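Shown next, in structure tokens, is the structure this report addresses.
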Amino acid sequence: MNISIRYFASLRDRMGRADDALELDGDSATVSEVWAKVTDGQSIPDSTLISVNMEYTDADAVLKDGDELAFFPPVTGG
Amino acid sequence: MNISIRYFASLRDRMGRADDALELDGDSATVSEVWAKVTDGQSIPDSTLISVNMEYTDADAVLKDGDELAFFPPVTGG
Amino acid sequence: MKVIVQQESFSPGQVIQEFQDALPRGKHGGVVSFVGTMRDFNDGEDVVSMTLEHYPGMTEKHIEQVCAEAAERWDIVDCLVVHRYGEMFPNDAIVLVAVWSAHRANAFDACRFIINYLKARAPFWKCETTTTGEKRWVEHNSKDPKAEVSDLEGVK
Amino acid sequence: MKVIVQQESFSPGQVIQEFQDALPRGKHGGVVSFVGTMRDFNDGEDVVSMTLEHYPGMTEKHIEQVCAEAAERWDIVDCLVVHRYGEMFPNDAIVLVAVWSAHRANAFDACRFIINYLKARAPFWKCETTTTGEKRWVEHNSKDPKAEVSDLEGVK
């Protein structure tokens, strides 16, 4: 299945890129598994926010084909 | 002693005038006494607001020479 | 702190901007404002105009007292109140209360306090002219005086 | 209900007036607004400009959710949110939240709720450029996160 990933703000700077397109075997994966995949096995840093298809979720959320996953630091708008 | 009196809004309409200048014998009088004087002995209608020298007060307040007394209905600004 | 009681109509946004441009830079993070507007009906009848009477001197004094009390209770940078008197028409701004502060919670609390106490204390009286030409004094600011009181208590 | 996320600068007073002119007449008695402004210093250093990054689509969606939640909790006539992204300079308006209602208590509560939850949920990130040319991400909106949280709880 295919997952698109977006990184924002300081997290994008740390990743060195704004997005990833991932092709995974099988038909489900958790957010944590995808993060480990794109960071060579690291765990998600504290205070990182996660969204799937533009709704907040957590690291245990299960992804499906075509999902847009995003990682970003605490928001500072307003 | 001399007291000036002002009436506002619906109360002015009821009094038929916007102000009175009163010369009283003695050197003190209460607000109630002054009201009785300008209305031929009536008592102050419920919910009437009273100020002396532009500060809120009540019917028992004692007036002195030169005071500006005012009577008016509930305020409706803002 | 600035309190203006004036007959002329005013543009709330413009007045806020001009006041803000004169504030010391960088001290406030935001401004909370309340603008009260004249409605075109009241008690089921169309209102074509309204005349606001006030008590010159006492009105300014009491609005200033309310602002000073707000500045004592909350940490604010500055506040501005503009209130009209005289004749006005539907959709005219009647009153503006604007409060600048470093933290927005203080600006919200202080702005709400000022408009609530201004309405309770500042000597203004509304007289409406309806489409039939009848002039009538507005007797209370709210159809639900209890709601006003509880709102006042909420900020004490 | 209108939510605008735009790059262009805007004049809060003008935007409020235009929106208000299009509202059904006579239904609201007033408008409460919050305008957040860019400061020219932060953490003791002068800031010459700021760039706000956002997540197009998600940002609008979450501000709209917050507005819809406010409209469910409080009886309001309408609300308007404008939030900038991109590069901005000291004294620029960053965000405007305006709420119209028949009774001002509802407008105060709803406006405060919207700005608090917008700040907590809407995906925006501030990056400041200081006078030395250094660019740095703002890590938290407030120096006192506890104050933010208690303010959020206050409106629940």
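Here is how names work: the chains are called A, B, and so on, in the same order as the sequence lines, proteins then strands, and each is numbered from 1. All values reported here derive from a predicted model rather than from experimental measurement.
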(request) Check whether D:Lys61 gets within reach of chain A through its side chain, its backbone, both or neither, counting any heavy atom under 4.5 Å. (result) side chain
(message) Counting only non-hydrogen atoms closer than 4.5 Å, does D:Gln65 touch chain A with its backbone (N, CA, C, O), its side chain (CB onward), both, or neither?
(response) side chain
(message) For the OG1 atom of A:Thr30 and the CH2 atom of A:Trp35, what is their distance to the nearest 0.5 Å?
(response)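 Here the interatomic distance stands at 13.5 Å.
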[Y] and [X] aromatic ring geometry - parallel, tilted or perpendicular at 30°/60° bounds:
| X | Y | answer |
| --- | --- | --- |
| D:Phe124 | D:His54 | parallel |
| A:Phe72 | A:Tyr56 | perpendicular |
| A:Phe71 | A:Tyr7 | parallel |

(message) Below 4.5 Å, heavy-atom pairs only: which of A:Arg12, A:Glu55, A:Glu68 has the largest tally toward chain D?
(response) A:Glu55
(request) Against chain D, label A:Asn53 side chain, backbone, both or neither, depending on which of its atoms sit under 4.5 Å from a heavy atom there. (result)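 The backbone, not the side chain.
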